[in-house]
Amino acid sequence: MIAALRSRLLAHYRRTARDLPFRRTRDPYAIWICEVMAQQTRLQTVLPYWERWMARFPTVRALADAPLGDVLAAWTGLGYYARARSLHAAARIVVDRYVGQLPDDLLLLRALPGIGDYTAGAIASIAFGRRVPAVDGNVARVLCRVFAIDEPSDAPATRRQLWQLAGTLVAPRAAGDFNQALMELGALTCTPRSPSCSRCPLAPLCTAHATGRTAELPRRTPRRPPRALTIDLALITDPRGRWLVGKRAPQGRYGGLWELPELAALQSTAAHLVVDNTPPLAETTHSLTHLALRYRVLSAHLPRLPRAAPPYELLRRIAPRALTQLGVSAATLRLIAMLQTPSWTTAPIAHRSSSAKASRKSSRG
DNA sequence: GACTCGTGGGG
DNA sequence: TCCCCAAGAGT
């Protein structure tokens, strides 16, 4: 069974594997960057970011030497910004402790910030040929179906079981290919809904397929509905057309990124803040996994630059065009575009939601 | 163990 | 339109 699974999977992979740019390198750093970018993010989304990143920060040392602000700017739009902060911190550790060479040991990799069980296994197997498993969402789904695992795939006990199982399956002399093959099978063939069993190399071995249960496996635990949160932002323009912007403290949501300051933060520190009694200049909704944000941009006035106040560690005045070159969130990019686009700002209120496909990809650089 | 942390593609 | 869920990690 194990031998058949390995040989079928590897043969299928070697015949059909996508020609992805990061599969053309064995540079552990390049693979590391790719794996971190791919956390909870589709490969298709990652590709252009990875290409730009490798040109901008070609080596561990280049990354370690760069200011965090440059690193966050390169991450703008990718989400989960703690990944960029961890990557930067880890690069400095690798330079200080390992003379710029990523360690080839699973536990040493696992100890670096931003590298958890999956990423450690992926780097160790793909970049260093170690015989270790790497269980991501794809692998969990494939294994739950092939072995008809009935418990929710994200339950801790199930996850332990899946890692143990994957460990016994990994091909001894082709661990990197084996792990990638399992992931690619989950991404392209054994998909969450309507899997393509007719062209799956594991279908003859798959219990879910044999028993007609591919639709109900893996079992999923229901997700709680997102909490609604309205955040009012201040647009404060000086005579030179610069905007007051804040740099968020490094921890938490959007940590280290720049944005229009939250009204509440300014009110806690600025005595002479005046908020115009007019409709919002722009308004947008922005959905996170567990949060439904609603941003409103209100026109306001402030005679002097206020002290920084949480969640901001810095407040500055800056030209809107320059703001888009700093580390900002996708939501901030969209708000900037709305505030600068005549057809939006001449209307009483500019409305856009994160699901409005027309609002995608503003100008950046 | 339960939460938090982004964004976008696809059904 | 809405919902699901991505080559997860940290607290």
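Numbered from 1 within each chain, the chains take letters A, B, ... in sequence-line order. Computed from a prediction, not measured in an experiment: that's the story for all the values here. When reading the values below, keep in mind they use all heavy atoms of this one structure, side chains included, and skip hydrogens, waters and symmetry mates.
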Using a cut-off of strictly less than 4.0 Å, decide whether [X] has a side-chain nitrogen or oxygen near OP1 or OP2 of [N].
X        : N      : answer
A:Tyr81  : B:dT7  : yes
A:Gln40  : C:dG8  : yes
A:Thr119 : C:dA9  : yes
A:Tyr254 : B:dT7  : yes
A:Arg42  : B:dG10 : no
A:His290 : B:dC5  : yes

- Identify whether the distance between the nearest side-chain nitrogen and carboxylate oxygen of A:Asp150 and A:Arg213 falls below 4.0 Å.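 Yes, charged N to carboxylate O under 4.0 Å.
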- Residue whose closest nucleotide on DNA chain B lies nearer the 5' end, A:Ser329 versus A:Arg193: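 It is A:Ser329, whose closest nucleotide lies nearer the 5' terminus.
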- Item | Ring centre gap for A:Phe57 and A:Trp53 strictly below 6.0 Å |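 Yes.
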Contact class for [X] vs. all strands (heavy atom < 4.0 Å): base, sugar-phosphate, or nothing?
X        : answer
A:Asn179 : nothing
A:Ala330 : sugar-phosphate
A:Arg220 : sugar-phosphate
A:Arg23  : base
A:Thr41  : base

Which whole-number value in Å describes the distance from [X] [atom1] to [N] [atom2]?
X        : N      : atom1 : atom2 : result
A:Leu72  : B:dT7  : CG    : P     : 12 Å
A:Arg160 : B:dG1  : CZ    : C1'   : 11 Å
A:Leu288 : C:dC4  : CG    : C1'   : 16 Å
A:Leu43  : B:dG10 : CG    : C1'   : 16 Å
A:Arg253 : B:dT7  : CZ    : P     : 11 Å
A:Arg159 : C:dG10 : CZ    : P     : 13 Å

- Query: In terms of side-chain heavy atoms, does A:Gln340 have a donor or acceptor partner in A:Arg321 at a distance below 3.5 Å?
  - Reply: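 No pair is found: no donor N or O on one side chain lies under 3.5 Å from an acceptor on the other.
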- Query: Just checking, is any N or O donor in the side chain of A:Arg199 or A:His12 under 3.5 Å from an acceptor N or O on the other one?
  - Reply: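 Absent: no donor and acceptor within the cut-off.
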- Query: Which nucleotide, B:dT4, C:dA9, C:dA7, lies nearest any side-chain atom of A:Arg224?
  - Reply: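 Looking only at side-chain atoms, A:Arg224 lies closest to B:dT4.
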- Message: Taking the cut-offs as 6.0 angstrom to the six-membered ring centre and 45 degrees off its axis, would you call A:Arg83 and A:Tyr80 a cation-pi pair?
- Response: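 No - A:Arg83 does not lie over the ring of A:Tyr80 by the 6.0 Å and 45° rule.
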- Does A:Ser86 get its side chain close enough to the base of C:dG10, under 3.5 Å, for a donor-acceptor pair?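 Answer is no: no donor-acceptor pair is held.
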